[in-house]
Amino acid sequence: GTFRFGGLRTGSYLLAALYANYASPIERIFLANNDQVEVEFAVGEPGVTLPELTVEGVQTVEPSPMHRSFYERAERGLGDYLLREDLEPYSGLSLWNAIRTLPGVRVDCATGGCRVESAQANSLACPGGARVIIDGHPAPADQLGRTSPQEVEGVEVYGGASTAPLEYRGANPACGLILVWTRRGP
């Protein structure tokens, strides 16, 4: 169609051609001193109007291979485990406070430094207590007292050699094993 607009003052105008469900072109024009401007529009293909859509998502982080192994062992359930959500109530405390809640675990702080003992282990045969490994590396037991639960992804505790993962058993697996996996990793 053809359209005429009269009585327009000098200035800038936006001219749009609207037709339901079609792409609507917009043209900026400038009129001065009774100008006549011819504008040609080509209307695009019809668009499709979709119903309103709500998208919700949860951000997920792919666990590292180290954390993935921890979660796989936790699913098998051969030891005792503290997951990230289990550690949240211990915020502001040391990791000792969370570990001592696990069945079969004794935390002995009577000798000046603390150590963890498995209730299954003979304390005479295991004078150093359970073996402690943090992020795959052997660590002194009192490091657990300097570690905040907020830094930890998970904890695994094994009372003896029969359930402990082979790669972490060490020289005296009967004394027990504590594996701590921090959120930052090795």
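For reference, positions follow the sequence shown, starting with 1.
- By the 6.0 Å contact criterion, CD on E40 is open, its count of non-hydrogen atoms from other residues, nucleotides or ligands being 12 or less.
- At least one donor-acceptor pair closer than 3.5 Å links the side chain of H67 to the backbone N or O of T182.
- Here the OH-CG distance, from Y158 to D80, works out to 9.5 Å after rounding to the nearest 0.5 Å.
- Contact annotation: the side chain of Q143 approaches that of I134 to within less than 4.5 Å [non-hydrogen atoms, C-beta and beyond].
- Linking Ile, Leu, Val, Met, Phe, Trp and Tyr residues whenever their side-chain heavy atoms come within less than 4.5 Å places L83 and L179 in a single cluster.
- Distance check, rounded to the nearest 0.5 Å: CZ of F70 to CD of E156 gives 5.5 Å.
- Checking side-chain atoms of S91 against main-chain N and O of E88 turns up no donor-acceptor pair under 3.5 Å.
- Here R84 pairs with E153 under the side-chain hydrogen bond (donor to acceptor under 3.5 Å, both in side chains) rule; sequence neighbours left out.
- Put simply, the side chain of S94 does not reach to within 4.5 Å of the side chain of L144, judged on heavy atoms.
- Annotation: side chain of R73 is in contact with side chain of S69 (closest heavy-atom distance under 4.5 Å).
- Using a 4.5 Å heavy-atom cutoff, the side chains of V155 and W181 are not in contact.
- Residues V157 and L93 are members of separate hydrophobic clusters, defined by side-chain heavy-atom contacts under 4.5 angstrom among Ile, Leu, Val, Met, Phe, Trp and Tyr.
- Taking the charged nitrogens against the carboxylate oxygens, E151 and R184 do have a contact shorter than 4.0 Å, which makes a salt bridge.
- None of V152, T101, I99, L82 except one satisfies the side-chain contact (heavy atoms from CB on, under 4.5 Å) rule with Y90; the exception is T101.
- Remark: the backbone N or O of P138 is not paired with any side-chain donor or acceptor of Y168 at under 3.5 angstrom.
- Proximity of R131 to I133: side-chain heavy atoms (C-beta onward) are separated by under 4.5 Å at one or more points.
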